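Counting convention: from 1, in listed order, for ligands and their atoms alike. Here the structure is a predicted model, which means the values were calculated and not measured.
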Amino acid sequence: MPTETDEKRWRSLDERRDLVVPGTPEAYLDFATKQWLSIAQEAINARGRFTVALSGGSTPRALFQRLTTHKASESVDWNAVYLFWSDERTVPLTHKDANYRMAMEAGFTQLAVTTEHIFPLHGEGNLETQATAYEAQIRKHVPEGRFDLLMLGMGDDGHTASLFPATSALEEEKRWVLPNWVEEKQSWRLTFSFPLIHRARHLHVYVMGAGKADTLHAVLKGPHKPLTLPSQRLGTSENKALWIVDEAAAAKL
Ligand code: 6PG
């Protein structure tokens with residue numbers, strides 16, 4: 001769990017959100033990795049498995065790499081780890097843009113996760129069928145649909161997962177996984193919905209880099225306009241979101 005120093009930088013923003021700014025990119029990575037492994041160990045000890053939904057994009061890559069070298073990784077029973085993805089692009093899993101490929105290449109092929117416990121989100125074929133099938137997998141392997149750790153990022157337009165501004169998936173109140181047309185990208189995505197995101201035991205939002213500072217200020221400190229800045233919806237009073245932000249991204253908070 002966090003050290004005394006980390007706790008000094010860990011504060012509540014409101015009843016839905018906490019913020020921790022571990023500092024430099026190195027301190028950030030160390031904190032984020034320790035948190036990931038601590039939650040994994042806690043879940044396995046308590047419930048015999050660790051269910052995690054991995055975020056995509058570039059931010060988590062260094063964290064995944066760190067998992068392969070961190071000392072605490074050695075004590076994790078990787079056979080009890082169940083890997084899912086919180087969103088995926090509509091490309092083959094082997095495509096350079098696939099979140100699945102990024103995570104596996106960054107570290108998970110080196111970690112002894114059982115193949116049967118790795119659940120790629122398939123962005124090809126009939127997306128409605130794929131979304132329904134994925135939700136069934138979650139219902140089968142994630143008790144009560146409550147991920148022990150649900151990882152998300154934040155785009156510089158304020159999106160999270162593939163919940164982009166002014167897209168239809170923002171309105172979803174029942175389904176856990178669904179296709180979402182993203183006009184600005186002229187492409188479909190598959191994404192977790194807010195109802196699923198808000199069931200998580202630990203909801204972590206990872207933000208790094210000066211390029212995110214303006215958007216992060218708007219999301220955490222600006223007027224509430226979640227259709228424009230979907231990341232503003234993250235967190236509830238029952239399941240607070242923990243924003244894990246490096247000092248460059250936190251510069252305008
Ligand atoms: C995706 C991600 C997306 C990502 C943010 C941040 O599929 O792209 O799920 O939500 O987390 O866009 O991406 P970066 O880490 O690359 O800035």
Side-chain angles (χ1 to χ4, degrees), residues 25 28-29 32-33 36 52-66 83-108 119-124 127 130-131 134 147 149-167 169-170 172 176-194 196-198 200 203-220 226 228-235 241-246 248-251:
Y28 176 97
L29 265 182
T33 308
W36 200 102
V52 55
L54 304 177
S55 50
S58 57
T59 300
R61 182 181 291 117
L63 193 168
F64 297 153
Q65 289 165 339
R66 189 62 66 91
L83 291 186
F84 290 79
W85 275 259
S86 46
D87 74 322
E88 190 55 277
R89 290 85 180 275
T90 46
V91 295
L93 293 177
T94 52
H95 191 279
K96 65 177 177 57
D97 292 343
N99 291 331
Y100 167 82
R101 175 174 162 180
M102 183 279 282
M104 297 309 290
E105 287 184 346
F108 287 99
F119 302 93
L121 178 47
H122 293 275
E124 290 189 288
L127 296 182
Q130 298 289 22
Y134 207 65
F147 281 95
L149 175 59
L150 201 152
M151 301 176 66
L152 293 171
M154 183 198 74
D156 51 18
D157 62 352
H159 81 262
T160 190
S162 285
L163 297 164
F164 284 81
T167 56
L170 297 180
E172 181 58 43
W176 286 358
V177 185
L178 68 162
N180 194 28
W181 172 252
V182 185
E183 186 66 23
E184 70 183 64
K185 294 190 179 290
Q186 285 295 297
S187 79
W188 286 94
R189 292 283 190 94
L190 280 172
T191 187
F192 280 10
S193 66
F194 281 113
L196 178 57
I197 288 168
H198 287 143
L203 173 53
H204 286 188
V205 193
Y206 301 84
V207 186
M208 294 181 82
K212 298 281 177 72
D214 287 335
T215 304
L216 190 66
H217 179 269
V219 166
L220 297 184
T228 311
L229 296 170
S231 295
Q232 285 189 324
R233 278 182 61 178
L234 293 175
L242 175 62
W243 287 77
I244 307 178
V245 180
D246 75 353

>> Can you see whether Thr33 engages Arg66 through a side-chain donor-acceptor pair at a distance of less than 3.5 angstrom?
In response: no
> Would you call Leu54 and Asn99 a side-chain contact if the rule is heavy atoms closer than 4.5 Å?
Replying inline: no
> atom 4 (C) of ligand 1: which protein heavy atom is closest, and how many Å away?
Replying inline: Gly56 O, 3.9 Å
>> Give me the nearest non-hydrogen protein atom to atom 12 (O) of ligand 1 as residue plus atom name, then the distance to 0.1 Å.
In response: His159 NE2, 2.8 Å
>> Give the atom numbers and elements of ligand 1 that come within less than 4.0 Å of a heavy atom of Arg89.
In response: 1 (C), 7 (O), 8 (O)
>> Counting non-hydrogen protein atoms only, what is the nearest one to atom 15 (O) of ligand 1? Give residue, atom name and distance.
In response: Thr59 OG1, 2.6 Å
>> Against Tyr134, only a single residue in Leu121, Leu178, Leu190 fulfils side-chain contact (heavy atoms from CB on, under 4.5 Å); can you say which?
In response: Leu121
> Nearest heavy-atom pair of Ala213 and Ala248: which atoms, and what distance?
Replying inline: CB-O, 3.8 Å
> When Phe84 is tested against each of Phe147, Trp176, Tyr100, Phe192 for ring-ring contact (aromatic ring centres under 6.0 Å, His included), which residue passes?
Replying inline: Phe147
> Looking only at heavy atoms, is any part of Glu88 under 4.0 Å from ligand 1, and if so is it the side chain, the backbone, or both, or is it neither?
Replying inline: neither
> Of all the atoms in ligand 1, which lie at a distance below 4.0 Å from a heavy atom belonging to Gly153?
Replying inline: 11 (O)
>> I'd like to check which ligand 1 atoms, numbered from 1 as shown, lie under 4.0 Å from a non-hydrogen atom of Lys212.
In response: 6 (C), 14 (P), 17 (O)
>> What protein heavy atom lies closest to atom 6 (C) of ligand 1? Include the residue and the distance to one decimal.
In response: Met154 O, 3.6 Å
>> List ligand 1 atoms under 4.0 Å from Asn99, heavy atoms only on the residue side.
In response: 1 (C), 7 (O)
> Within less than 4.0 angstrom of ligand 1, does Met208 place any heavy atom?
Replying inline: no
> If every non-hydrogen atom of Ala200 is compared with every non-hydrogen atom of Leu150, which pair is closest and at what distance?
Replying inline: CB-CB, 3.6 Å
> Judged by non-hydrogen atoms, does Arg189 sit under 4.0 Å from ligand 1?
Replying inline: yes
> What protein heavy atom sits nearest atom 13 (O) of ligand 1, and how far away is it?
Replying inline: Gly57 CA, 3.9 Å
> Using heavy atoms and a threshold below 4.0 Å, how should the contact between Ala161 and ligand 1 be classified: side chain, backbone, both, or neither?
Replying inline: backbone
>> Assess, by modelled atom type and distance only, whether the side chains of Thr191 and Asn180 contain a donor and an acceptor separated by less than 3.5 Å.
In response: no
>> Tell me the closest heavy-atom pair linking Met102 and Ser55, and the distance in Å.
In response: CE-O, 4.1 Å
>> Taking 4.0 angstrom as the limit and counting only heavy atoms of Asp87, give me the atoms of ligand 1 inside it, by number and element.
In response: 1 (C), 2 (C), 7 (O), 9 (O)
>> So for Ser55, does at least one of its heavy atoms come nearer than 4.0 angstrom to any atom of ligand 1?
In response: no
> Relative to each other, are the rings of Phe194 and His198 parallel, tilted or perpendicular (30° and 60° limits)?
Replying inline: parallel
> side-chain contact (heavy atoms from CB on, under 4.5 Å) between Met154 and Leu234: does it pass, once the steps are laid out?
Replying inline: CA-CA 10 Å; Met154 183 198 74; Leu234 293 175; over 6 Å; no
